[in-house]
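Here is the structure we will look at.
Residue numbers count from 1 along this sequence.
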Amino acid sequence: SCSSGIFDIQRVVAQKGTARMSAGDKERDLLSGFQPPFEHFSTQALHVGQDAEQWTSMAVVPPISLSTTFKQVAPGKHAGFEYSRSGNPTRNCLEKAVAALDGAKYCMAFASGLATTMTIAHLLKSGDGIICMNDVYGGTNRYFRRVGSEMGLQTRFIDCTSLKCLREAIKPNTKLVWIETPTNPMMNVIDIKACAELVHKHGDIIMVVDNTFMSPYFQRPLALGADICMYSATKYMNGHSDVVMGLASTNRDDLYQKLKFLQNAIGAVPSPFDCFLCNRGLKTLSLRMRQHFKNALAVAQFLEADPRVEKVFFPGLPSHPQYKLTKQQCTGTSGMISFLIKGNLENAKIFLENLKIFCLAESLGGYESLAEHP
């Protein structure tokens with residue numbers, strides 16, 4: 001995970017060029033050619049759901065509403081909130097802002113990314129089938145294999161970069177298709193639009209895209225045909241490694257009503273303070289993602305040129321097998337890089353134990369630079 005602090009590596013990369021100008025020209029070329037940025041993104045992040053007029057105090061920054069319960073003027077008559085698990089003013093501000101950034105009608109916040117996954121899985125019943133990308137976040141894999149299976153959910157893990165594999169995997173009981181793009185950890189890129197078109201030809205199958213690695217700044221799965229876009233907001237959305245949270249957005253009224261019910265009925269909701277922090281993180285999302293992309297590109301080029309590195313997996317490099325697809329469906333790419341070091345596991349351990357700027361730690365998407373072994 002490459003953050004905005006990798007300036008030393010960037011200088012090394014620049015110095016390896018024949019001239020600073022030529023290195024700059026190459027960087028500009030690699031940063032260009034993606035889809036145009038989503039209009040008014042930063043304005044929406046700053047203003048949607050943040051109206052001062054919604055508070056009697058006219059607070060410009062949405063306050064943290066810690067109250068668990070809200071006064072009713074009569075039995076069953078309230079001012080929009082009755083119990084904080086069911087709805088909270090601070091959470092409401094965050095959900096409105098994220099919905100706007102996703103190009104969605106609705107967004108719901110959850111206690112973690114996996115709490116979001118679990119809640120979505122509760123849309124299904126025993127005997128229903130799930131198709132999941134075979135290269136997927138370990139927590140998602142674990143949930144479907146060891147938890148979902150105990151509830152009678154039948155999950156098949158396939159290569160969703162192949163439409164042929166996806167088509168052959170769809171069965172009469174298939175009710176959910178779950179993809180990540182880029183994938184964790186191998187950075188495979190999946191054609192969201194093509195998958196959505198294929199899936200929706202087979203009846204009422206819900207297609208979910210885990211957009212954690214990209215954020216809505218670089219990719220909007222709902223606009224490409226996905227039914228649900230979800231995140232571990234712990235990562236880029238919050239961006240400061242101090243919140244654990246999940247998010248799910250949709251344009252479908254039916255899915256929103258079901259997920260809203262489950263959000264309340266299961267109760268895996270985030271705290272108002274965490275919602276405040278994540279909402280604040282959104283205000284710098286566009287700035288952070290642009291810098292993540294620029295710095296990651298510099299690091300990826302540096303690694304690809306090093307003889308001790310066997311292979312680099314970064315969708316922003318022309319060497320990536322889905323480089324053209326990335327440019328077709330994304331406005332850029334994030335700070336996530338995977339790479340193989342020549343040698344064996346011991347060589348990888350030596351590398352990780354001798355990092356100076358990067359921190360050996362799990363997670364991603366914060367302002368700091370992290371490295372880990374899957």
_Gap separating the CG atom of L94 from the CE atom of M108, nearest 0.5 angstrom_ = 12.0 Å

*What distance do L255 atom CG and T250 atom OG1 have between them, rounded to the nearest 0.5 Å?*
4.5 Å

When the side chains of residues 345-361 are checked against the rest of the protein, which donor-acceptor pairs come out under 3.5 Å, sequence neighbours left out?
residue : atom : partner : partner atom : Å
N347    : OD1  : N344    : N            : 2.8
N354    : ND2  : I350    : O            : 2.7
K356    : NZ   : N354    : O            : 3.2

*Decide yes or no on side chain to side chain contact (heavy atoms under 4.5 Å, CB included) for L247 and M237, but give the supporting numbers first.*
CA-CA 9 Å; L247 297 162; M237 299 296 271; 4.0 Å; yes

*Begin from the C-alpha positions of N251 and D227 and carry the test side chain to side chain contact (heavy atoms under 4.5 Å, CB included) through to its verdict.*
CA-CA 7 Å; N251 280 316; D227 297 299; over 6 Å; no

*Is it possible for you to say whether L317 and Y323 belong to one hydrophobic cluster, with membership spreading through side-chain heavy-atom contacts below 4.5 Å?*
yes

*When the ring centroid of F38 is compared with that of Y217, is the distance short of 6.0 Å?*
no

_Passing candidate, side chain to side chain contact (heavy atoms under 4.5 Å, CB included) with I228, options I120, D210, T116_ = I120

*Is K283 atom NZ crowded by more than 12 heavy atoms from other residues, nucleotides or ligands, each under 6.0 Å away?*
yes

*Between the main-chain N or O of A109 and the side-chain N or O of E95, is there a donor-acceptor pair closer than 3.5 Å?*
yes

_S215 side-chain N/O to N211 backbone N/O, donor-acceptor pair under 3.5 Å_ = no

*Counting only heavy atoms not in K96, do more than 12 fall under 6.0 Å of its NZ?*
no

*Please go through L166's hydrophobic cluster and name the other residues, only I, L, V, M, F, W, Y counting, with side-chain heavy atoms under 4.5 Å joining them.*
I131, M133, I158, L163, I170, V177, I179, I190, I192, L198, V199, I205, M207, V209, L224

*Do any N or O atoms from the side chain of N184 and from the backbone of V136 form a donor-acceptor pair under 3.5 angstrom?*
no

*For the student: nearest non-hydrogen atoms of F70 and F81, plus distance*: CB-O, 3.2 Å

*Side chains of D242 and N238: do they bring a donor and an acceptor to under 3.5 Å?*
yes

*If you take all heavy atoms of S241 and G366, which pair is closest and at what distance?*
OG-CA, 3.7 Å

_Expected output: side-chain T212 to main-chain Y231 donor-acceptor under 3.5 Å_ = no

*Would you list the pairs meeting side chain to side chain donor-acceptor pair (under 3.5 Å) in which at least one residue belongs to residues 117-127, sequence neighbours left out?*
K125-D128

_F293/F34 aromatic ring centres below 6.0 Å_ = yes

_Quick check against the 3.5 Å criterion: does T183 have a side-chain atom that pairs as donor or acceptor with the backbone of N188?_
yes

*Charged tip of R288 within 45° of Y236 ring normal and under 6.0 Å*: no

*asked:* Minimum heavy-atom separation for C160 and C132, please, with both atom names.
replied: SG-C, 4.5 Å

*Using the rule that two of Ile, Leu, Val, Met, Phe, Trp, Tyr join whenever any of their side-chain heavy atoms come within less than 4.5 Å, decide whether L364 and L287 are in one cluster.*
no

*Among V269, L262, N264, which residue meets the side chain to side chain contact (heavy atoms under 4.5 Å, CB included) test with I266?*
L262

*asked:* Strictly distance-based, threshold 3.5 Å: is any side-chain N or O of T234 a donor or acceptor partner for the main-chain N or O of M245?
replied: yes

*asked:* Tell me whether K201 is salt-bridged to E197, with the criterion being a basic N under 4.0 Å from an acidic carboxylate O.
replied: no

_Suppose the criterion is side chain to side chain donor-acceptor pair (under 3.5 Å): which pairs have a residue in residues 47-70, not counting sequence neighbours?_
Q50-N279

*Between the main-chain N or O of A115 and the side-chain N or O of S112, is there a donor-acceptor pair closer than 3.5 Å?*
yes

*Write down the atom of T174, the atom of A169, and the distance for their closest heavy-atom approach.*
OG1-O, 4.0 Å

*Decide if atom CZ of R280 counts as having more than 12 heavy atoms of other residues, nucleotides or ligands within a radius under 6.0 Å.*
no

*Hey, is the main chain of M186 close enough, under 3.5 Å, to the side chain of D135 for a donor-acceptor pair?*
yes

*Are there more than 12 heavy atoms of other residues, nucleotides or ligands under 6.0 Å from atom NE2 of H202?*
yes

*Any side chain to side chain donor-acceptor pair (under 3.5 Å) pairs touching residues 143-164, not counting sequence neighbours?*
N141-R145, Q154-N173, D159-T161, K164-E168

*Evaluate whether atom NZ of K324 has more than 12 neighbouring non-hydrogen atoms of other residues, nucleotides or ligands under 6.0 angstrom away.*
no

*How would you list all residue pairs meeting side chain to side chain donor-acceptor pair (under 3.5 Å) that involve residues 307-318, not counting sequence neighbours?*
D306-R308

*Q322 side chain vs T326 backbone, donor-acceptor pair below 3.5 Å*: no

*Is R91 reaching over with its side chain to a backbone N or O of P272, donor-acceptor style, under 3.5 angstrom?*
no

_Please tell me whether K260 and Q263 have a donor and an acceptor in their side chains that are separated by less than 3.5 angstrom._
yes

*asked:* Side-chain heavy atoms nearer than 4.5 Å, only ILVMFWY residues, links allowed to pass through others: does that put M289 and M187 together?
replied: yes

*Consider only side-chain N and O atoms of Y106 and D253, and report whether a donor and an acceptor are under 3.5 Å apart.*
yes

_T181 and F213: CA distance, side-chain angles, deciding distance, side chain to side chain contact (heavy atoms under 4.5 Å, CB included) verdict_ = CA-CA 7 Å; T181 180; F213 269 24; over 6 Å; no

*Taking 4.0 angstrom as the limit, do D204 and K175 come out as a salt bridge?*
no

